[in-house]
**Q** 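Can you read through this structure? Questions will come right after.
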2 protein chains.
Amino acid sequence: MSQQRTGHEAGITGRVGAVTPSAVLGSQPDFPDLPEATVARLPEYLRALHHLAETGHDTVSSEGLALAAGVNSAKLRKDLSHLGSYGTRGVGYDIEPLVGQIEYILGLNKRRAVALVGVGNLGHALAGYAGFASRGFRIAALFDADLTRVGELINGIAVRHIGDIPEVVKSEAISIAVLATPAGAAQAVADQLVAAGVTSILNFAPVVLNLPEQVDVRKVDLAVELQILSFHEHRKSARGAEQAKALARGAELAKTVARNGSPVAARGEVAA
Amino acid sequence: MSQQRTGHEAGITGRVGAVTPSAVLGSQPDFPDLPEATVARLPEYLRALHHLAETGHDTVSSEGLALAAGVNSAKLRKDLSHLGSYGTRGVGYDIEPLVGQIEYILGLNKRRAVALVGVGNLGHALAGYAGFASRGFRIAALFDADLTRVGELINGIAVRHIGDIPEVVKSEAISIAVLATPAGAAQAVADQLVAAGVTSILNFAPVVLNLPEQVDVRKVDLAVELQILSFHEHRKSARGAEQAKALARGAELAKTVARNGSPVAARGEVAA
DNA sequence: CGCGATTTGTGCACCTGTTCACAAGCGCTT
DNA sequence: AAGCGCTTGTGAACAGGTGCACAAATCGCG
Ligand SMILES: NC(=O)c1ccc[n+]([C@@H]2O[C@H](COP(=O)([O-])OP(=O)(O)OC[C@H]3O[C@@H](n4cnc5c(N)ncnc54)[C@H](O)[C@@H]3O)[C@@H](O)[C@H]2O)c1
Ligand SMILES: NC(=O)c1ccc[n+]([C@@H]2O[C@H](COP(=O)([O-])OP(=O)(O)OC[C@H]3O[C@@H](n4cnc5c(N)ncnc54)[C@H](O)[C@@H]3O)[C@@H](O)[C@H]2O)c1
């Protein structure tokens with residue numbers, strides 16, 4: 001249970017990017033072939049590294065970084081080994097160059113412009129989110145279909161009408177968009193975004209978007225997350241109910257922790 | 001690219017719950033041993049099924065449901081086969097009983113009570129989110145540390161002080177909490193929640209929570225999602241630069257579409 | 001009542017990702 | 001300069017998940 005589940009990649013197949021140029025340009029490290037699972041963890045490593053740097057460290061062991069990032073150290077070492085060698089045996093990793101390398105790999109050298117479409121309940125919160133800016137992104141445009149909202153200033157940036165998407169996406173060189181419209185509008189809006197040149201979409205609407213192959217879509221669905229938790233709750237309570245019958249002693253605790261030794265579905269019960 | 005990435009399970013190991021009782025009691029289906037990857041997809045199937053039911057279908061083929069859920073049909077069939085047999089060869093799946101079974105498995109029989117802690121920018125939006133209620137959950141309590149916020153009514157429910165957590169969690173039998181406090185407060189709040197009896201947490205704060213083994217934690221981090229997209233953007237542009245040199249023609253488009261077999265397909269519609 | 005069309009359920013081969021465990025490498029100390 | 005303790009980097013075994021391809025089952029129709 002406790003290896004933290006950060007939502008990612010149920011099982012995306014294949015490595016990312018088949019055709020590596022393999023030409024080393026300038027002093028920039030090459031663009032390696034990263035396993036998708038590794039890519040999904042790099043942002044977490046990056047966050048942990050920034051935190052460590054801020055708290056005065058300039059070196060960290062795989063064990064320490066793994067702890068901070070919520071993974072085990074073997075996995076972390078293997079992940080980092082894909083980026084090239086930034087560690088020193090007997091010592092650990094130099095934080096600064098490692099941060100630089102991860103940021104480079106993630107394409108965060110340059111602050112990326114992001115468009116946010118649908119400035120409602122959720123969109124409003126996202127538009128005001130500071131972590132956006134502090135982690136490599138710049139909200140370059142806000143869009144909504146509701147004319148009464150157009151013109152409104154949020155965090156210093158004006159809401160524009162979705163009709164302006166093509167123009168603004170081009171002028172601001174936006175390639176990533178965040179979609180926070182109602183589900184019913186999401187597909188149409190996504191189509192407009194893609195037509196305007198957007199190639200990556202973070203979708204908060206609970207629908208599966210149907211888009212061209214080359215467009216990257218990630219989906220965040222709060223209800224899905226809760227339902228997964230609910231499943232485990234259901235399981236836990238089933239397990240708990242049985243154990244209550246079988247034993248009142250704590251001797252079994254070890255087994256419970258040991259994982260997997262779980263039986264019987266007690267139907268009715270739900271909460272602990 | 002186009003198999004939609006719903007955020008989940010980088011690589012959680014092990015099946016969920018090993019020893020299945022195999023005793024079938026009453027008419028209720030058994031509690032099967034589900035692969036974690038399957039669990040993570042069930043909510044998406046459920047959403048798609050509800051949508052289908054609402055649009056008048058009462059049967060759907062694996063192909064149709066797979067399309068609506070953004071997976072391929074073989075995977076879908078295998079997933080559903082874990083739940084028992086709810087399909088008829090030559091016909092498809094009966095939507096109604098299948099919905100019932102998935103809801104049962106996910107523990108959504110009974111509407112689960114959820115607590116939300118941190119009623120700020122994001123928390124406010126979440127508290128007002130309708131999809132919460134419509135997908136099996138009930139916001140049973142809102143908490144904040146800020147006394148000026150305590151007492152405020154959001155969506156008909158009053159914000160309470162975090163000091164009330166133990167009392168309310170017990171009285172409302174809350175086992176799931178959503179954490180939307182600043183990162184700095186998250187660990188402390190999580191500890192309080194767990195002490196009060198919460199056993200599942202959905203964490204929006206960008207920190208790794210350190211909690212007892214038996215507590216389930218899922219994390220949603222907007223910046224992480226964007227950074228993953230950024231990686232792919234970086235990739236695409238690197239590749240694009242290379243391809244631009246190699247070809248300027250669109251002959252490649254065919255290849256792009258050919259991938260995955262699914263030729264663009266009808267937009268909104270799902271089954272024939 | 002049997003036949004063909006259709007679609008499920010699954011065995012199997014493949015592949016990605018995880019974990020173990022240890023040799024290689026580094027720096028410090030003596 | 002050699003020894004020692006520590007930590008990385010990685011080969012190899014393992015686990016889990018995916019997708020193909022097909023046999024089994026069901027339906028509708030003639
Ligand atoms: N609020 C949440 O906490 C939350 C959580 C998870 C998911 N979601 C999802 O995010 C989406 C937005 O939720 P919300 O609560 O902010 O809804 P909302 O109704 O408050 O906001 C939707 C906004 O989108 C705008 N809009 C509608 N059609 C549009 C179009 N065609 N083009 C551009 N903008 C358009 C509306 O004017 C409105 O401002 C929904 O799909 C919802 O399911 C919301
Ligand atoms: N706003 C977003 O779109 C967004 C997106 C992703 C992640 N997040 C994360 O979600 C969290 C909340 O973001 P926000 O923008 O709503 O911040 P916010 O500052 O607007 O809200 C935080 C709320 O938590 C309350 N709080 C502070 N300490 C508390 C404590 N000890 N116990 C209970 N409540 C406490 C504050 O009073 C405030 O109401 C942050 O960790 C942020 O990084 C926010």
Side-chain angles (χ1 to χ4, degrees), chain A residues 3-6 8-18 32-42 45 59-67 69-95 97-98 101 259-260, chain B residues 3-6 8-18 32-42 45 59-67 69-95 97-98 101 259-262 271-272:
Chain A
Q3 184 123 314
Q4 216 126 136
R5 290 109 210 246
T6 234
H8 295 308
E9 321 305 333
I12 303 308
T13 51
R15 308 254 140 174
V16 175
D33 232 15
L34 297 181
E36 189 66 38
T38 296
V39 172
R41 284 187 294 263
L42 289 181
Y45 300 157
T59 260
V60 65
S61 70
S62 65
E63 199 64 52
L65 183 51
L67 189 68
V71 301
N72 74 37
S73 61
K75 198 186 286 186
L76 179 123
R77 286 200 299 279
K78 187 147 286 182
D79 282 343
L80 294 190
S81 77
H82 291 300
L83 314 186
S85 193
Y86 285 81
T88 327
R89 291 165 195 239
V91 179
Y93 297 89
D94 276 356
I95 292 181
L98 185 53
Q101 171 66 350
R259 202 158 177 80
N260 254 5
Chain B
Q3 184 121 313
Q4 217 125 136
R5 290 111 209 245
T6 237
H8 294 307
E9 319 306 331
I12 303 308
T13 50
R15 308 254 139 171
V16 177
D33 231 12
L34 296 181
E36 190 65 39
T38 296
V39 173
R41 284 187 294 264
L42 289 182
Y45 300 157
T59 260
V60 65
S61 71
S62 64
E63 199 65 52
L65 182 52
L67 190 67
V71 301
N72 75 37
S73 62
K75 199 187 286 185
L76 179 125
R77 285 200 300 278
K78 189 151 290 184
D79 283 341
L80 293 190
S81 76
H82 292 300
L83 313 187
S85 194
Y86 284 82
T88 328
R89 294 167 193 233
V91 178
Y93 296 90
D94 276 356
I95 292 181
L98 185 52
Q101 170 68 348
R259 244 180 139 59
N260 239 13
S262 94

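Here the structure is a predicted model, which is why all the values come from computation and not from measurement. Values reported hereafter were calculated over all heavy atoms of this structure, with side chains retained and with hydrogens, waters and symmetry mates removed. Letters A, B, ... mirror the listed sequences (proteins, then strands); counts begin at 1.
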**Q** C:dT8 C1' sits how many Å from B:Asp94 CG, rounded?
**A** 13 Å

**Q** Examine C:dT8: is either OP1 or OP2 under 4.0 Å from a nitrogen or oxygen in the side chain of B:Ser62? Give yes or no.
**A** yes

**Q** Quick one: OG on B:Ser81 to OH on B:Tyr86, what's the gap to the nearest 0.5 Å?
**A** 12.5 Å

**Q** Could you state the atom-to-atom distance from CG of B:Asp79 to P of C:dG9 in whole Å?
**A** 12 Å

**Q** May I have the distance from B:Leu76 (atom CG) to D:dC20 (atom P), rounded to whole angstrom?
**A**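 Going from CG in B:Leu76 over to P in D:dC20 covers 14 Å.
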
**Q** Looking only at atom types and distance, does a side-chain atom of B:Asn72 sit under 3.5 Å from a main-chain N or O of B:Lys75, one as donor and one as acceptor?
**A** yes

**Q** Please state how far atom OH in A:Tyr86 lies from atom P in C:dG25, giving the value in whole angstrom units.
**A**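 After rounding, the gap between these two atoms is 20 Å.
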
**Q** Quick check for you: among C:dT18, C:dT19, C:dG9, whose closest atom lies nearest to any side-chain atom of B:Arg77?
**A** C:dG9

**Q** For a quick test of reading the model, state the closest non-hydrogen atom pair linking B:Leu83 to B:Gln101 and the distance between them.
**A** O-NE2, 3.1 Å

**Q** List the atom of B:Tyr45, the atom of B:Leu65, and the distance in Å for their closest heavy-atom pair.
**A**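 Heavy atoms only, the tightest pair is O-CD1, 4.2 Å.
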
**Q** Could you tell me whether the side chain of B:Thr88 reaches within less than 4.5 Å of the side chain of B:Thr59, counting heavy atoms only?
**A** no

**Q** Ignoring backbone atoms, test whether A:Asn72 places a side-chain nitrogen or oxygen under 4.0 Å from the OP1 or OP2 oxygen of C:dT18.
**A** no

**Q** Roughly how many Å is it from CZ in A:Arg41 to C1' in C:dG17, rounded to a whole number?
**A**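 Rounding to the nearest Å, CZ of A:Arg41 and C1' of C:dG17 are 8 Å apart.
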
**Q** I'd like to know if B:Arg89 reaches the base of C:dT7 with its side chain, counting only an N/O donor and acceptor under 3.5 Å.
**A** no

**Q** Let me know the distance between CD1 of B:Ile95 and P of C:dT8, rounded to the nearest Å.
**A**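 Distance, rounded to whole Å: 12 Å.
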
**Q** Quickly work out the B:Leu67 CG to C:dT7 P distance and round it to whole Å.
**A**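 One finds 14 Å between P of C:dT7 and CG of B:Leu67, rounded.
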
**Q** Take the protein atom CD of B:Glu36 and the nucleotide atom C1' of C:dT18, then report the distance between them rounded to whole Å.
**A** 15 Å

**Q** Which is more 5' along DNA chain D, the nucleotide nearest A:Gly84 or the one nearest B:Thr88? Just name the residue.
**A** A:Gly84

**Q** If the cut-off is 4.0 Å, is A:Ser85 near the phosphate of D:dG9, judged by side-chain N/O to OP1 or OP2?
**A**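 Yes, because at least one side-chain N or O of A:Ser85 sits under 4.0 Å from OP1 or OP2 of D:dG9.
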
**Q** Go nucleotide by nucleotide along DNA chain C from the 5' end; which of B:Leu80 and A:Ala74 gets its closest nucleotide reached first?
**A**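 The residue whose closest nucleotide sits nearer the 5' end is B:Leu80.
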
**Q** Picking from D:dT18, D:dG11, C:dC20, which would you name as closest to the side chain of A:Lys78?
**A** D:dG11

**Q** D:dG9, OP1 or OP2 - any side-chain N/O from A:Tyr93 closer than 4.0 Å?
**A**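 Yes, within the criterion.
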
**Q** Please determine whether a side-chain nitrogen or oxygen atom of A:Lys75 lies at a distance below 4.0 Å from atom OP1 or OP2 of C:dT19.
**A**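 For C:dT19, OP1 or OP2 has a side-chain N or O of A:Lys75 closer than 4.0 Å.
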
